[in-house]
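Only one structure is covered here, and it is reproduced in the block below.
Values below: all heavy atoms of this structure, side chains included; hydrogens, waters and symmetry mates excluded.
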Amino acid sequence: LPEEGFFNSRIVITLTFAGIYIILSMLVYLIRVDAEKRHINDVNDKLHIIKSISSMYAISILVDADRNQYEIITAPNYIRALDTPKTSASEMFKKISETYISKDYQNTYLDFTNLNSIDERLKGKKYIEFNECSRNGVWFRNIIVPHKKLENGHISSVIVVSINIDEQKKKELDYQKQLMQTTEEAMRANDAKTDFLRRMSHDIRTPINVIMGMVAIGNRLPNDPPKLQYCRDKIQSASSMLLELVNDVLIINKIDSGAFELEKKKFNLADIVNEVKSMTEVQAAEKKIEFEVADLDIKEYMFTGSPLHLRQILVNILGNAVKYTPPGGKIKLSFGKKAQSDGTRLIEFICQDTGIGMSEEFQKHMFEPFAQEDVKNDMGFSGIGLGLSIVKKLTDKMSGYIRVESRQNEGTCFTIGIPLEPVNEMIHGENSKDGETFNQSISGLKILLAEDNKLNTEIAQFMLGDLGATVINAQNGAEAVEIWENSKQGEIDAVLLDIMMPVMDGLEAAKRIRQSKKQGSDSVPIIALSANIFDEDRQLCREAGMNDFISKPFVLNKFTETLLRVLHEKTEGGADND
């Protein structure tokens, strides 16, 4: 071919192919850039996911177990400060242990991060974990999970993470502590119950043994009046001890159960003092103890408060004084008064005795339930140890205080301060009913008695019959209502109703009698008979229309005094349900 024909188009062809090459190169370049950009985005997304997951952990470290190398993924600055280029993974974990982990967990942490036993410890497991506490008291959970696992099962790398579980762990520890406390309290309660039953068994069996023993002696000496009288006196004393024990247990249980409520009613302080005086005089006379009550030098003697519980406090304190004062000793009850800014009067009751006193050691816990010093009274038993505990609880409930001064073999002085709200100003002794006698006699009266217990019926019938009264017996409340309805006008002078009876109880019977259309139903004296001694029981009786309340077991003086007073009130102006 001619030279000109061959090379004429070379420039066009070269430029064409060069252009195509450049275009293809640009396409390839753009494709590679786009691929790299997508790869970078994928890596960034994965890094973002890793960082998001790692944010859950305080520390995340990738560890090459075969090379003993590590790479910190996430960690606070104080951990990164330990990182140096030449530090191995084992050295890094040792630094963390020595610097930041509590001494109690350092060795365990090093065992946990030991790379030589990773294969064995992770075999067949998805992860292993260990909880530890830092030196500043913060709890962490450390977890090791496999990162790369070869075909032969060898784990070449792992990820070690630590998560803050301080709040969760402390809640768990608090729960465990509460559980332990609950368990300990349950054990103490069980021990207290066992101790209570042991004491109760002892203190119940002791007076019962006295009663049974004295009955046996009396049966063997039927013709020896002095000895029989002695036996009866001891039986009476042991019976009183049993009653006191039961009453104390009921009162302390009621206070501790939270069902206890103070009264708020008007009362005559002089009457309370004289009632307690009368009871204590008898006990003191039996032991040949001199008992003195100072004049109640308080012009205001009408107060609002809880007379029942104030009486209980004085009875317990004076009862203890009699119990632990030997024959020939002396007991004195005196009083004081202080005005207070809130308008109440702080009345102080001071009981001094020349008894056996108390040791300093016992005084530290003398108000604890069942606390008793190792002493005995003249009958060989001294109660269950609830008297002072009841006094302290009642005093606290009434916003008062109690102070004690005592020395062994020298005597004891109790000072009890109770704030009382005065009702009015009166001259001491005015309107007081203390010592009032009722000239009225129940001889010749007919009394309706509803009692389902035959022995109690026999006792009440004997007491009433001995005073000259005629008794009409009923087995239950329904029978008592029927007898009342069918009686002649004025035939029944008073009604005695047991509270707990079959068919119809005493409360319902009292309501039926009060609601009866029979003349005299609204004024006939109705008195409750009950073994229940609490205020709410008395309140229920008042609400049912009863005039008064006689607690069991029957005490002759109290029984007749209550009956005479109610009959006296009827003649003075009818039934008084207050």
Side-chain angles (χ1 to χ4, degrees), residues 43-44 46-150 152-184:
V43 170
N44 285 336
K46 291 178 180 178
L47 286 174
H48 181 70
I49 292 172
I50 291 172
K51 287 181 179 179
S52 297
I53 295 174
S54 298
S55 65
M56 298 171 55
Y57 302 100
I59 302 173
S60 302
I61 302 176
L62 176 63
V63 179
D64 188 328
D66 291 339
R67 297 180 180 180
N68 198 12
Q69 295 177 348
Y70 69 94
E71 178 184 351
I72 296 177
I73 302 172
T74 57
N77 292 331
Y78 64 83
I79 294 294
R80 291 185 182 275
L82 303 176
D83 184 21
T84 61
K86 295 183 180 181
T87 302
S88 66
S90 298
E91 291 172 342
M92 184 63 174
F93 291 131
K94 186 176 181 181
K95 286 181 180 180
I96 293 173
S97 173
E98 292 176 348
T99 308
Y100 298 108
I101 294 179
S102 171
K103 291 183 179 181
D104 294 337
Y105 296 93
Q106 286 181 358
N107 292 334
T108 312
Y109 179 81
L110 291 176
D111 291 340
F112 177 73
T113 55
N114 186 350
L115 301 179
N116 297 325
S117 60
I118 286 290
D119 268 357
E120 181 181 351
R121 287 185 288 131
L122 277 172
K123 186 176 181 179
K125 299 177 181 177
K126 294 182 179 181
Y127 63 89
I128 55 176
E129 63 179 351
F130 159 68
N131 295 340
E132 48 87 5
C133 185
S134 67
R135 291 198 172 190
N136 59 2
V138 179
W139 283 90
F140 290 90
R141 175 170 293 155
N142 300 284
I143 303 172
I144 299 179
V145 295
H147 177 248
K148 287 184 180 179
K149 193 172 184 179
L150 304 181
N152 61 1
H154 172 65
I155 298 173
S156 61
S157 64
V158 295
I159 297 177
V160 181
V161 297
S162 298
I163 184 171
N164 187 319
I165 60 166
D166 191 58
E167 184 177 352
Q168 174 188 346
K169 185 67 177 179
K170 286 180 177 176
K171 285 182 179 179
E172 180 184 334
L173 292 174
D174 287 342
Y175 175 75
Q176 292 177 352
K177 183 178 179 181
Q178 291 175 5
L179 189 62
M180 289 181 64
Q181 288 177 344
T182 302
T183 303
E184 290 174 357

Residues, nucleotides or ligands: over 12 heavy atoms within 6.0 Å of Arg67 CZ: no
Spatial distance of atom CD1 (Ile155) from atom NZ (Lys123) [nearest 0.5 Å]: 11.0 Å
Side chains of Ser157 and Asp64: is there a donor and an acceptor less than 3.5 Å apart? no
Heavy-atom donor-acceptor pair, Asp166 side chain to Trp139 backbone, under 3.5 Å: yes
Salt-bridge criterion met for Glu167 and Lys171 (N-O under 4.0 Å): yes
Closest non-hydrogen atoms of Ile72 and Arg80, given as atom of the first, atom of the second and distance, are CG2-NH1, 3.7 Å
If you look at every heavy atom in Ala89 and Val63, which pair is closest and at what distance? CB-CG1, 3.9 Å
Between Phe140 and Asn164, is there a side-chain heavy-atom distance shorter than 4.5 Å? yes
For the residue pair Gln176 and Leu173, establish whether any side-chain heavy-atom pair is separated by less than 4.5 Å. yes
Least distance between heavy atoms, Pro146 atom then Lys126 atom: CD-O, 3.2 Å
A quick test of your reading: do over 12 heavy atoms of other residues, nucleotides or ligands sit less than 6.0 Å from CD of Glu120? no
Fit a plane to each ring of Phe130 and Tyr109, take the angle between them on a 0 to 90° scale, and name the class: parallel (under 30°), tilted (30 to 60°) or perpendicular (over 60°). tilted
Ile101 backbone acceptor or donor facing Gln106 side chain under 3.5 Å: yes
So, for Thr87 and Met92, which heavy atoms are closest and what is the spacing to 0.1 Å? CG2-N, 3.7 Å
What's the shortest heavy-atom distance between Phe93 and Leu110, and which atoms? O-CD2, 4.1 Å
Salt bridge or not between Asp174 and Lys170? Use side-chain N to carboxylate O under 4.0 Å. no
Is the shortest side-chain heavy-atom distance between Glu91 and Thr84 below 4.5 Å? no
Side chain to side chain, Glu132 and Thr108, heavy atoms closer than 4.5 Å: no
Just how far is it from atom CG of Asp83 to atom CG of Asn77, taken to the nearest 0.5 Å? 12.0 Å
Shortest non-hydrogen separation from Pro76 to Ala58 and the atoms involved: CD-O, 3.2 Å
Does Lys169 NZ have over 12 foreign heavy atoms under 6.0 Å away? yes
To the nearest 0.5 Å, what is the distance between CD1 on Ile59 and CD1 on Ile73? 12.0 Å
Just verifying a value: how many Å separate His154 NE2 and Leu122 CG, rounded to the nearest 0.5 Å? 11.5 Å
Are any of the side-chain heavy atoms of Leu115 and Ser90 separated by less than 4.5 Å? yes
Looking at OH of Tyr127 and CD1 of Ile159, how far apart are the two atoms once the value is rounded to the nearest 0.5 Å? 15.0 Å
OG of Ser88 to NZ of Lys95: how many Å apart, nearest 0.5 Å? 8.5 Å
Could you tell me whether a side-chain N or O of Arg135 sits under 3.5 Å from a main-chain N or O of Lys103, the two making a donor and an acceptor? no
Measuring only between side-chain heavy atoms, which start at C-beta, is Tyr100 closer than 4.5 Å to Ile79? yes
